[in-house]
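In this text the structure is predicted, and so the values were computed from the model without any measurement.
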Amino acid sequence: MREIIIKAFGYFEPAAEECLQELHQLCASWYLDEQVFTLEGNGLQIYHEGEYFPDEEVSAVLAKYITENSQGKLDVIDYEAWKLHRYFLAMQYQRKEDLARGIVYSRSSSLDYALEASMQKNSQVEIK
C-alpha cells in the first residue's frame, strides 16, 4: 500500500450533473477514481487520499459553476509539505473577474497553525 501524501475533502452545492461529468473527465486525465466526486442530492461531495490531487484544476472547474447561491469548500492537506490549502466555493468570497479566469479564492497555512488560521478573521472571510 502506498503512503498517503495528499488528502482532499470538501463539498459544493448546488452542483449540476454537468459539473460532475466535467470532474469525472478530469479524474480520468489524472488517472484518479471517479468516486473522488459524488453527487448526494444537490450537493457534490469530494474525498480523496493518495499521492497527488489536481486541486488547481478542480477549483478551475468548480469556478465555472459558482453562483450567488453556491456554498462549499475544498480542503487539501499535503502531509509532505505539512500544509493545508483551503478553497472557498461561495460567491461572497470571489471576484467575478477571477472566476472568469478559473481562479477561486483560497488560503494556505502550515498544519501547525491550521486551527488558528481557520478561526482567524481577515478583511474578507472568517474561516470556520
Side-chain angles (χ1 to χ4, degrees):
M1 184 171 177
R2 294 182 172 196
E3 184 177 0
I4 295 171
I5 298 171
I6 301 289
K7 185 182 230 179
F9 53 95
Y11 70 96
F12 176 66
E13 59 185 28
E17 183 67 32
E18 297 83 29
C19 177
L20 181 65
Q21 293 307 315
E22 197 168 338
L23 290 168
H24 282 176
Q25 289 174 358
L26 179 65
C27 282
S29 69
W30 281 84
Y31 303 103
L32 296 175
D33 186 345
E34 285 185 354
Q35 295 304 311
V36 170
F37 304 100
T38 57
L39 275 181
E40 293 180 15
N42 70 341
L44 176 73
Q45 299 298 315
I46 305 163
Y47 188 81
H48 174 73
E49 293 180 343
E51 294 182 60
Y52 57 89
F53 184 76
D55 53 306
E56 292 178 6
E57 291 84 351
V58 168
S59 69
V61 169
L62 294 173
K64 298 180 203 176
Y65 297 96
I66 293 177
T67 66
E68 295 296 330
N69 300 323
S70 295
Q71 57 181 338
K73 66 178 180 172
L74 170 61
D75 287 343
V76 180
I77 297 174
D78 183 336
Y79 290 107
E80 192 170 70
W82 202 245
K83 196 177 207 179
L84 166 68
H85 195 99
R86 176 170 286 174
Y87 294 88
F88 299 89
L89 306 173
M91 183 61 86
Q92 65 188 12
Y93 305 126
Q94 312 304 326
R95 294 186 341 195
K96 291 185 182 190
E97 59 271 17
D98 287 342
L99 285 178
R101 295 186 337 217
I103 299 170
V104 174
Y105 177 74
S106 65
R107 292 181 75 164
S108 290
S109 154
S110 164
L111 285 178
D112 292 331
Y113 302 104
L115 180 59
E116 290 88 347
S118 70
M119 296 168 58
Q120 190 177 63
K121 290 184 181 180
N122 69 18
S123 61
Q124 276 194 313
V125 64
E126 179 178 356
I127 311 167
K128 291 186 179 179

Taking atom [atom1] of [X] and atom [atom2] of [Y], what is their separation to the nearest 0.5 Å?
X	Y	atom1	atom2	result
His48	Asp55	NE2	CG	10.5 Å
Ser106	Arg86	OG	CZ	11.5 Å
Glu51	Leu32	CD	CG	10.5 Å
Ile6	Glu49	CD1	CD	11.0 Å

For the residue pair [X] and [Y], what are the closest heavy atoms and their distance?
X	Y	result
Lys7	Tyr79	CD-OH, 3.9 Å
Glu34	His24	O-NE2, 3.2 Å
Ile103	Gln94	O-OE1, 4.1 Å
Val104	Ser59	CG2-O, 3.4 Å
Met91	Thr67	CB-O, 3.3 Å
Ile66	Leu89	CD1-CA, 4.0 Å

Between [X] and [Y] (side chain of the first, backbone of the second, donor and acceptor by atom type, cut-off under 3.5 Å), is there such a pair?
X	Y	value
Thr38	Gln35	no
Tyr52	Trp30	yes
His85	Val76	no

Practice prompt. For Gln45, check side-chain hydrogen bond (donor to acceptor under 3.5 Å, both in side chains) against everything at least two apart and list the hits.
Written response: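 Expected list: none.
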Worksheet item: Does a sphere of radius 6.0 Å around CD in Glu80 hold more than 12 heavy atoms from other residues, nucleotides or ligands, not counting ones at 6.0 Å or beyond?
Response: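 Counting neighbours around CD of Glu80, 12 or fewer heavy atoms of other residues, nucleotides or ligands fall under 6.0 Å, so no.
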Discussion item. Are more than 12 heavy atoms, taken from residues, nucleotides or ligands other than Gln21, located less than 6.0 Å from that residue's CD atom?
Written reply: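 Counting neighbours around CD of Gln21, more than 12 heavy atoms of other residues, nucleotides or ligands fall under 6.0 Å, so yes.
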Mind checking whether [X] and [Y] have side chains closer than 4.5 Å, heavy atoms only?
X	Y	value
Phe12	Phe37	no
Phe53	Val36	yes
Ile77	Phe9	yes
Tyr11	Glu40	no
Phe88	Arg107	yes
Cys19	Leu62	yes
Gln92	Tyr105	no
Asp78	Ile5	yes

